[in-house]
**Student:** 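Have a look at this one before I ask anything.
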Amino acid sequence: MTAIDPTRTVKDLRQQLAKWRAAGETIALVPTMGAIHFGHLSLVELAKSKGDRVVVSLFVNPAQFGPREDFATYPRDEEGDLVKLGEAGVDLVFVPDIAEMYPKGFSTTVTMSDLTEGLCGAARPNHFNGVATVVTKLLWQVAPDVALFGEKDYQQLLVVRRLVHDLNIPVEIAAAPIVREEDGLAISSRNAYLSPDQRKRAPIFYQTLRELAQDLESGRGCDSAIVKARYKLEGAGFRVDYVTVRDPDTLKTLEGPVKRARVLAAAYLGQTRLIDNLPVPLPTS
Ligand code: AMP
């Protein structure tokens, strides 16, 4: 077991990065909230193919949690994470504490309209502003050549792309596909909250979204396919936040003949909020 030593301050981070830069090496950044799992490790693997040095950040960002959300109980395992990331060949793990990221008097927020307002943004009003703020800080702190994000958090990925475009941040944003458990459940740190019974039922979420995608592919009307999916999820004990089909680039509702779409959904099993999404090629007629 080879744990990697964490870097805790922006000053130390920049000192190390400056050495790699001086040697002409490129940097790939993987931002995470820790509780490292195979989804995160797939981003690390992709990062290795994209940059000479891989930096992973571990920071449970209070600014992206609502007052009644799970900030206090969010899974944390720094020691285990440092072993997993060391074994995965990561070059630097940045683990700032809250005071390092949000020093006393901190009063700047990156806010974004439009993309952040629907879907997860509707249920979690300040969530994406918290994400936009912390991602902007991390991109400025690390100044990577490439930063990697998972399609698991599809709306977040689009928010990050928009942010980088709008603020002219010179970084490539690369996306990685969703890593799933064998039964199809998208891997997530929050899956640890599921009781054994809920964990058994959880794969119905992805199965239902796949059926919805298949229904759309075979020409079933969008509204009726969505009603069917919602009905199935509710029947299996999920409390549905949203199930929807959107334009994959803008997340707007579909209008007119379109070739591509994205199924996106969020639902609660007990207290646990699950999200998932998948692409759909639509029949062209
Ligand atoms: P988190 O620690 O949940 O904030 O996730 C950090 C990064 O890992 C984000 O870009 C997520 O989209 C990505 N990620 C989380 N779970 C998965 C997964 N199952 N497959 C692919 N990427 C993931």
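Each ligand, and each atom within it, is numbered from 1 in the order the structure gives. Below, all heavy atoms of this structure are taken into account, side chains as well, without hydrogens, waters or symmetry copies.
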**Student:** Which residue owns the protein heavy atom closest to atom 12 (O) of ligand 1, what's the atom, and how far is it?
**Tutor:** Asp153 OD2, 2.6 Å
**Student:** If you measure from the Lys or Arg side-chain nitrogens to the Asp or Glu carboxylate oxygens, is any gap between Lys232 and Glu211 under 4.0 Å?
**Tutor:** yes
**Student:** Return a yes/no value for Glu151: is any of its N or O atoms, backbone included, closer than 3.5 angstrom to an N or O of ligand 1?
**Tutor:** no
**Student:** For atom 6 (C) of ligand 1, find the nearest protein heavy atom and state the residue, atom name and distance (0.1 Å precision).
**Tutor:** Pro31 O, 3.3 Å
**Student:** Would you say the side chains of Thr26 and Asp52 form a donor-acceptor pair under 3.5 Å?
**Tutor:** yes
**Student:** Is Asp215 paired with Arg210 through a side-chain N to carboxylate O contact shorter than 4.0 Å?
**Tutor:** no
**Student:** Is the contact between Pro177 and ligand 1 made by the side chain, the backbone, both, or neither, using heavy atoms and a 4.0 Å cut-off?
**Tutor:** backbone
**Student:** Below 4.0 Å from any atom of ligand 1, is there a heavy atom belonging to His37?
**Tutor:** yes
**Student:** Flag yes if Ile204 and Leu209 sit in one hydrophobic cluster, no otherwise; membership is Ile, Leu, Val, Met, Phe, Trp, Tyr, and two members link when side-chain heavy atoms are under 4.5 Å apart.
**Tutor:** yes
**Student:** Among protein heavy atoms, which lies nearest atom 23 (C) of ligand 1, and at what distance?
**Tutor:** Lys152 CB, 3.8 Å
**Student:** Enter the distance from Leu282:CG to Leu254:CG here, rounded to the nearest 0.5 Å.
**Tutor:** 7.0 Å
**Student:** Is there any N or O on Val179 that sits under 3.5 Å from an N or O of ligand 1?
**Tutor:** yes
**Student:** Would you mind checking which non-hydrogen protein atom is closest to atom 8 (O) of ligand 1, with the distance to 0.1 Å?
**Tutor:** Leu43 CD1, 3.2 Å
**Student:** So, regarding Gly150 and ligand 1 (criterion: nitrogen or oxygen to nitrogen or oxygen, under 3.5 Å), is there a contact or not?
**Tutor:** yes
**Student:** Do Arg260 and Asp247 meet the salt-bridge criterion of a basic N to acidic O distance under 4.0 Å?
**Tutor:** no
**Student:** Would you indicate whether Arg190, at its atom CZ, is surrounded by more than 12 heavy atoms from other residues, nucleotides or ligands within a distance under 6.0 Å?
**Tutor:** yes
**Student:** Which atoms of ligand 1 are found less than 4.0 Å from any heavy atom of Phe149?
**Tutor:** 10 (O)
**Student:** At the 4.0 Å heavy-atom cut-off, does Ala35 count as touching ligand 1?
**Tutor:** no
**Student:** Considering only the protein, which heavy-atom contact is closest to atom 3 (O) of ligand 1, and what is its distance?
**Tutor:** Tyr74 OH, 3.8 Å
**Student:** Within a radius of less than 6.0 Å around CG of Asn126, do more than 12 heavy atoms belonging to other residues, nucleotides or ligands occur?
**Tutor:** no
**Student:** May I ask you to check whether Met33 has an N/O atom sitting below 3.5 Å from an N/O atom of ligand 1?
**Tutor:** yes
**Student:** State whether Glu25 and Arg21 are salt-bridged, where the test is any N-O pair (Lys NZ or Arg NE/NH1/NH2 against Asp/Glu carboxylate O) under 4.0 Å.
**Tutor:** no
**Student:** Heavy atom under 4.0 Å from ligand 1: found in Leu157's side chain, backbone, both, or neither?
**Tutor:** neither
**Student:** Looking only at distances, please establish whether an N/O atom of ligand 1 is found under 3.5 Å from an N/O atom of Ile187.
**Tutor:** yes
**Student:** Relative to the heavy atoms of Ile178, which atoms of ligand 1 are at a distance of less than 4.0 Å?
**Tutor:** 20 (N), 21 (C)
**Student:** Could you check whether Arg8 pairs with Asp12 (Lys NZ or Arg NE/NH1/NH2 to Asp/Glu carboxylate O, under 4.0 Å)?
**Tutor:** no
**Student:** Can you report which non-hydrogen protein atom sits closest to atom 5 (O) of ligand 1, along with the distance?
**Tutor:** His40 NE2, 3.4 Å
**Student:** State plainly whether the residues Lys84 and Glu87 are in salt-bridge range, i.e. N to O under 4.0 Å.
**Tutor:** no
